[in-house]
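Not measured: the values here are computed from a predicted model. Values below: all heavy atoms of this structure, side chains included; hydrogens, waters and symmetry mates excluded.
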Amino acid sequence: MYDVKSARAEDFINDEEILDTLNYSAKHKSDAPLIKSILEKAALCKGISHREAAVLLDCDIPQLNDEIKALAKKIKLRFYGNRIVLFAPLYLSNYCINSCTYCPYHVHNKHIGRKKLTQEEIYRETIALQDLGHKRLALEAGEDPVNNPIEYILESINTIYSVKHKNGAIRRVNVNIAATTHEEYKMLKDAGIGTYILFQETYNRAAYKTLHPAGPKSDYDWHTQAMDRAMEAGIDDVGIGVLFGLNLYRYDFTGLLMHAEHLEAAKGVGPHTISVPRIRAADGIDPASFPDAIDDETFAKIVAVIRIAVPYTGMIVSTRESQNTREKILELGVSQISGGSRTSVGGYCESERPGDTTQFDVSDTRSLDEVVAWLMELGYVPSFCTACYRAGRTGDRFMQLVKSGQIANCCHPNALMTLKEYLEDYACDKTKVLGEKLIECELNKIPDEKIRERAKTYIREEAFGKRDFRF
């Protein structure tokens, strides 16, 4: 039976409930009165259920689809303003003992080169990332208890945090590693990680087994219940997601929202982030062999409805997506993007992108500075902020601020101050000119007068070399 608060995956990701939801949404996709009532409820900005969201996703009435997108834009602006947080992935190792059919790191791939960074190499990669201007990383590593034990991950986190180069520092390390134990999640918490991220890939149990024929990851329940263990171990912020294209998107969309509902109901706080990657080409991986790939229009609607359904969550899109696609979905809900990414092990120290250890092909290959300038030209504020994490505003404390709208008094000035840091230390002349004009304009949008004046003072001091101001 479906039970949103249950600790068992088969209860909170209940197949019968998902199938019943999909049947319901298919029957009501042209039900204008119902869809309008859902949109009226959604306009209160308190979220909607997975079943209501499924109806919006299936809606086939053009005018109402336009209203869905318009509402998504409104909600995005209310909760996250025009700020876009930037980060980069850092691949530590591609050794893996799983046999995931969609990932080139799978154990049976004898073609791909295997590599694991030493701590000295991680130190150099961190400097390279700092020289680009990054302040926030997402650590990536394959699942291999011999080559990538938790001790290696912890040592790597410590190395990254220890690197202070010129004015650079990595202030937040998010971690995307395999499902693990309560004890090891506590170790990650004690190491000072930001968000623990784990993608479900697909919520369909049968499809999951086919896609993960062997290895620890093949255990659906162990994987799906990972976030519960992580939060029980004290990790406040968790990030979920699916890899769209592996399975029927409507099923995985519904499962994703049910997972968010479960965390909110059972743990008191929903996911800090939701990621929306799509299957991409990689070594030995042909997206054409996965018949459930989704087109750009469907992808954009998924983003819009997730934003409506889970208004408080941060939404992430990576360089898997092209510049054009990222531009379209930024306004519909996305609040975090990667920039200048290298998806190979040790790639940041190379002058050209190496392909021998790449997890997936990057579609947006622009430099971080090009991405920053592009965002500003679109009217967004590129943000390198990590203040909430460092001030202890995580988990339910962060969500209370987001849901109440009070986060704007922190996030907007922090975004502008971190942008000023970037302009002073890393930007090219063109980007700096764009940024100075943007900061001057955006400072006046800070609602609290005292915070606005303090922010102006801090930004003036940053021009003379001072760093790391935050609210």
Side-chain angles (χ1 to χ4, degrees), residues 85-96 105 115-165 168-199 226-227 229-239 272-273 275 316 318 336 338 341-349 357 359 384-395 468:
V85 172
L86 289 154
F87 72 96
L90 175 56
Y91 283 78
L92 301 180
S93 170
N94 66 352
Y95 283 96
C96 191
Y105 290 178
K115 185 174 182 179
K116 171 186 174 180
L117 297 181
T118 65
Q119 294 306 309
E120 182 178 347
E121 288 171 325
I122 292 170
Y123 192 95
R124 291 199 298 268
E125 286 282 285
T126 304
I127 288 177
L129 282 156
Q130 289 179 4
D131 279 341
L132 295 175
H134 279 295
K135 298 290 188 284
R136 177 190 298 238
L137 302 184
L139 289 195
E140 312 274 352
E143 183 170 12
D144 187 327
V146 173
N147 288 293
N148 311 327
I150 190 64
E151 291 78 13
Y152 171 69
I153 303 298
L154 297 172
E155 185 180 8
S156 301
I157 294 168
N158 184 63
T159 295
I160 293 164
Y161 278 139
S162 74
V163 180
K164 302 295 183 286
H165 173 64
I170 301 302
R171 298 169 179 166
R172 179 176 177 125
V173 176
N174 298 332
V175 174
N176 184 355
I177 62 170
T180 188
T181 63
H182 179 281
E183 292 74 18
E184 292 193 354
Y185 283 128
K186 189 176 187 306
M187 293 178 187
L188 290 171
K189 168 68 174 179
D190 293 342
I193 72 165
T195 305
Y196 172 67
I197 302 164
L198 184 67
F199 298 162
M227 292 308 183
R229 295 193 300 277
M231 296 181 85
E232 288 161 6
I235 295 177
D236 292 328
D237 294 342
V238 298
H272 187 73
T273 59
S275 297
I316 300 175
S318 75
Q336 296 186 28
S338 51
S341 301
R342 301 288 177 95
T343 64
S344 50
V345 181
Y348 293 102
C349 286
T357 60
Q359 189 185 35
F384 297 87
C385 179
T386 59
C388 284
Y389 153 72
R390 297 161 74 209
R393 295 190 294 262
T394 58
D468 202 17

Under the side-chain contact (heavy atoms from CB on, under 4.5 Å) rule, what do V85 and R136 come out as? Steps first, then yes or no, please. CA-CA 9 Å; V85 172; R136 177 190 298 238; 3.5 Å; yes
Looking at CG of L137 and CG of L90, how far apart are the two atoms once the value is rounded to the nearest 0.5 Å? 6.0 Å
Could I get the full list of side-chain hydrogen bond (donor to acceptor under 3.5 Å, both in side chains) partners for Y389, not counting sequence neighbours? Y161
Side-chain donor or acceptor of S338 paired with backbone N/O of S341 under 3.5 Å: no
Please lay out, stage by stage, how I157 and I153 fare under the test side-chain contact (heavy atoms from CB on, under 4.5 Å). CA-CA 6 Å; I157 294 168; I153 303 298; 4.1 Å; yes
Tell me every residue that passes salt bridge (Lys or Arg N to Asp or Glu O under 4.0 Å) with E120, counting only those two or more places apart in sequence or in another chain. R124
Any pair counted as ring-ring contact (aromatic ring centres under 6.0 Å, His included), so long as it reaches residues 168-195, sequence neighbours left out: Y185-Y196
Which heavy atom of L92 sits nearest to which heavy atom of A141, and what is that distance? CB-CB, 4.4 Å
Less than 4.5 Å apart, any side-chain heavy atom of Y91 and any of Y348? no
Do the charged groups of D468 and R390 touch, with an N to O distance under 4.0 Å? yes
Between E125 and C349, is there a donor-acceptor pair closer than 3.5 Å when you use the side chain of the first and the backbone of the second? yes
Hey, does F87 have a side-chain heavy atom less than 4.5 Å from the side chain of I316? yes
Do T118 and I122 have side chains that approach each other closer than 4.5 Å (heavy atoms only, starting at C-beta)? no
On a heavy-atom basis, which atom in T273 and which in Q336 lie closest, and how many Å separate them? CG2-NE2, 3.7 Å
Of all the heavy-atom pairs spanning C388 and T394, show the shortest one and how long it is. O-CG2, 4.3 Å
List, one per line, each side-chain donor-acceptor pair under 3.5 Å for residues 168-179, sequence neighbours excluded.
| unit_1 | atom_1 | unit_2 | atom_2 | d |
| --- | --- | --- | --- | --- |
| R171 | NH1 | E421 | OE1 | 3.1 |
| R171 | NH2 | E421 | OE1 | 3.3 |
| R171 | NH2 | E421 | OE2 | 3.2 |
| R172 | NE | N174 | OD1 | 2.8 |
| R172 | NH2 | T195 | OG1 | 2.5 |
| N174 | OD1 | T195 | N | 2.7 |
| N176 | ND2 | E140 | OE1 | 3.2 |

Testing the basics here: between P149 and P145, what is the closest heavy-atom pair and its distance to 0.1 Å? CB-O, 3.4 Å
Write down the atom of F384, the atom of L86, and the distance for their closest heavy-atom approach. CZ-CD1, 3.7 Å
Are the side chains of N148 and E143 in contact, using a 4.5 Å heavy-atom criterion? no
Tell me, do S275 and F199 make a side-chain contact under 4.5 Å, heavy atoms counted? yes
Less than 4.5 Å apart, side chain to side chain, heavy atoms only: is that true for Q130 and V163? yes
Apply side-chain contact (heavy atoms from CB on, under 4.5 Å) to the pair T180 and I150, showing each step before the final yes or no. CA-CA 9 Å; T180 188; I150 190 64; 5.6 Å; no
For residues 137-159, which residue pairs qualify under ring-ring contact (aromatic ring centres under 6.0 Å, His included), counting only residues two or more places apart or in two chains? none
Taking all non-hydrogen atoms of both residues, which atom of T159 and which atom of Q119 are closest, and how far apart? OG1-OE1, 2.6 Å
NZ-CG distance between K115 and N94, expressed to the nearest 0.5 angstrom: 9.5 Å
Tell me, please, which residues at least two apart from S318 pass side-chain hydrogen bond (donor to acceptor under 3.5 Å, both in side chains). none
About how many Å separate CD1 of I160 and CD1 of I127, when rounded to the nearest 0.5 Å? 12.0 Å
Evaluate the criterion salt bridge (charged side-chain N to carboxylate O under 4.0 Å, His left out) for residue pair K189 and D237; output intermediate values, then yes/no. CA-CA 10 Å; K189 168 68 174 179; D237 294 342; over 6 Å; no
Check whether any side-chain N or O of N147 sits under 3.5 Å from a backbone N or O of Y95 as a donor-acceptor pair, and report yes or no. no
Distance from H134 atom NE2 to T126 atom OG1, nearest 0.5 Å? 12.0 Å
For the NZ atom on K116, are there more than 12 heavy atoms of other groups (residues, nucleotides or ligands in this structure) within a distance under 6.0 Å? yes
